[in-house]
Amino acid sequence: MTKPSPDDDNTRFEATRRRIAAAFGPDGLLAGAVAGFVPRDSQREFALAVYDTIADCGTLVAEAGTGTGKTFAYLVPALIAGGKLLISTGTKALQDQVFRKDLAALRAVLDPSIDIALLKGRQNYVCLQRLERTEREGQLPQRQDVMYLRAITRFAHTSASGDRAELGEVPETASIWPLVTSTRENCLGQQCPHFDECFVYKARRAAQAADVVVVNHHLFLADMALRDDAISEFLPTVDTIVLDEAHQLPKIAGDFFGTGFSLAQVGDLAVDARGVGLARAADGASWPALSQSLEQAVRVARLALSEAGLSAGMRVAVDRLTRRAQIGQALSGIDAAIAALAAAVAANSGRDAELDALGPRAAAVRAEVGSWVNALVQPTDTATEASDSDDEGTAAHDWVRWVNVSTHGAQFHATPLSPGETFARMRSQQTQAWILTSATLTLAGRFDRFVADVGLPQARTQRWNSPFDFARQALLYLPQLMPSPQADDFAEQVADSAWPVIAASGGRAFVLCTTLRAVDRVAARLRTRMQADSNELPLLVQGTATRRALLDEFRHAGNAVLVGSVSFWEGIDVRGEALSLVVIDKLPFAPPDDPVVEARIRRLRALGRNAFTEFQLPQAVTLLQQGVGRLIRDERDRGVLMILDDRLLTKSYGRTVLASLPPFARTRSEDEACAFFSRAAAAS
Ligand code: SF4
């Protein structure tokens, strides 16, 4: 066979480009696959840029404004180019949408034989081994778990996937889930008697065989960081990687490239040791006593944290902890109890695979606990630590150690302050094409910040504006005479200023606040105003029901007001008149006393850099862009965006923020804002 000449390659390349361009034409592939398809130059250009990147195995960082149709813009060229495709999304909602809707529709018209798979983290699948053990031991944390266990057992016998999302009758938060799902540490892998029918490994085998695999960033980055075998195993066979909702990568990478342990994890080890020890080697050690002493050590640690003034919801850097010696002593107690347990496991080595698996698990937790004991016993002047090398002995990192206290426990974290370096190294180890895309990657039109955060300054960058006519479809209302966001009664003033506009729009409004405290105060004042005006619209408040239930009720009501915090700023798609007003209380700067934020600011300053322009402002703008993006979701949408933070106009950085928002028409007049709704109704 003769080798294809460069001319042949070039001809094939140009022919494929023409085929991709034609797919986005008025009579093309997408016109037959997508209801209401409208040909757009930006979508076609984006698709061709994706194909060019695939052809030269490059890296493309692409911002495509809302409505560009970016999912099809990367799916079409990647599927036409052929080879294996891995797509990772930031949210489960987009993961489901890409897999069930967009990919399925495209496959139907392009090639029904394309094999597609959805892969989730292992905690999403029932673990047959742990389920069997839980049934055998019958020790359940709560009474209703008896009922849930029966439902999970029935489900495990009938389900093909074992994916817990398909079992609606057991709530996501039920305390039984950790007992019947696996972690990387407690999974027996090939030693497991259920390995052949295991849901986790079945899903992974399906992903390995598929042409297209859809995952999310949590799984993708955790797998890359921990070198678990879910994705790393087949990554070398992947030809194209698409990271959608890429604006979330720096934050998620920070979380996953870190290390740590939780008191719950230690408690689980105690429970598993008692169960497995008694079942497999009852005569081998006093398992209940060993477990009890570990559980007692966890209680002592919880008490030490509480005596140091830490309560649920607090995040505190190690250098801000009081009573460090006492906390360090409590963790030493955990270390000693794990050591005793590990010795008993070692003494029974070889008797049972499940018992043996406790050894490495205990060692891993001990290593983490030990490093915390050292940090607490030998205090440093700062929260950040410089490590000589990372786990591969290459680049230097700065880290921050911090504790996060929850209702029933605490997590001890060590978070890297420049996760971009790890991300860049990860990228450099892979040779395929990478496409990173989102609607919000730039600051005032520039990519510098994002590419620095993910360590890819050499990546090709390109940007396509939203096809929407923002100046006609939307109005940005910046009210006059707002007090400083630091004012004591700012939340009440937000509600008072927003209420006339909410009343004019007949509800249909999101009020997005930057803190949970502001949510409660704004909601309380709005309720008072509604009662005073005898105009009681349905008021839905974050925390009173699940996010999904609140959104369903919002869509159903048609005149509701939803008051929410950060979790409502992203990943929500309410189209049409149901959402006609978005109110934002203030610029969403991350709290500067958060341990990770504070440490990053301190580190940048120490390097002689400007922490505000390089870190705090870009982060706030990305979140603001996400919140603003809830308003106009298609060409027919109309609405008002109201931002009550006058720093947009009084501070010099306000210009950068405004330049980063879509080109809305703008007003400072309440009358004009209120009149927008009647004009929009007349126009539609
Ligand atoms: S292989 Fe791991 S996840 Fe699968 S059933 Fe066994 S222990 Fe559970």
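Ligands are counted one by one from 1 in listed order, and the atoms in each one are counted from 1 as well. All figures in this text were calculated on a predicted structure; none of them were measured in a lab.
- Cys198 lies close to atom 4 (Fe) of ligand 1, since one of its N, O or S atoms is found at a distance under 2.8 Å.
- For ligand 1, the atoms sitting less than 4.0 Å from at least one non-hydrogen atom of Cys127 are 3 (S), 5 (S), 7 (S), 8 (Fe), numbered in the order shown with element in parentheses.
- Outside the 6.0 Å centre-distance limit, the rings of Phe450 and His247 are not counted as a close aromatic pair.
- Side-chain polar atoms of Gln208 and Arg205 form no donor-acceptor pair below 3.5 angstrom.
- Taking atom 2 (Fe) of ligand 1 as the reference point, the nearest protein heavy-atom neighbour is Cys187 SG, 2.4 Å.
- Counting only heavy atoms from C-beta outward, the side chains of Asn186 and Leu269 never approach each other to under 4.5 Å.
- Contact atoms of ligand 1 toward Tyr201: 1 (S) (distance under 4.0 Å to a heavy atom of the residue).
- Considering only non-hydrogen atoms, atom 7 (S) of ligand 1 lies nearest to Leu188 out of Val126, Leu188, Leu128.
- Across all non-hydrogen atoms, the minimal contact from Leu441 to Ala246 is CD2-C, 4.1 Å.
- Between Trp434 and Phe220, the ring planes lie perpendicular to each other; the angle is over 60°, past the 30° to 60° tilted range.
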Verdict with supporting geometry, Glu135 and Thr153, side chain to side chain donor-acceptor pair (under 3.5 Å): CA-CA 9 Å; Glu135 284 174 311; Thr153 305; 3.0 Å; yes

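- Near Cys192, meaning under 4.0 Å from one of its heavy atoms, ligand 1 places the atoms 1 (S), 5 (S), 6 (Fe), 7 (S).
- Closest to atom 3 (S) of ligand 1, if we only count protein heavy atoms, is Ser182 OG, 3.5 Å.
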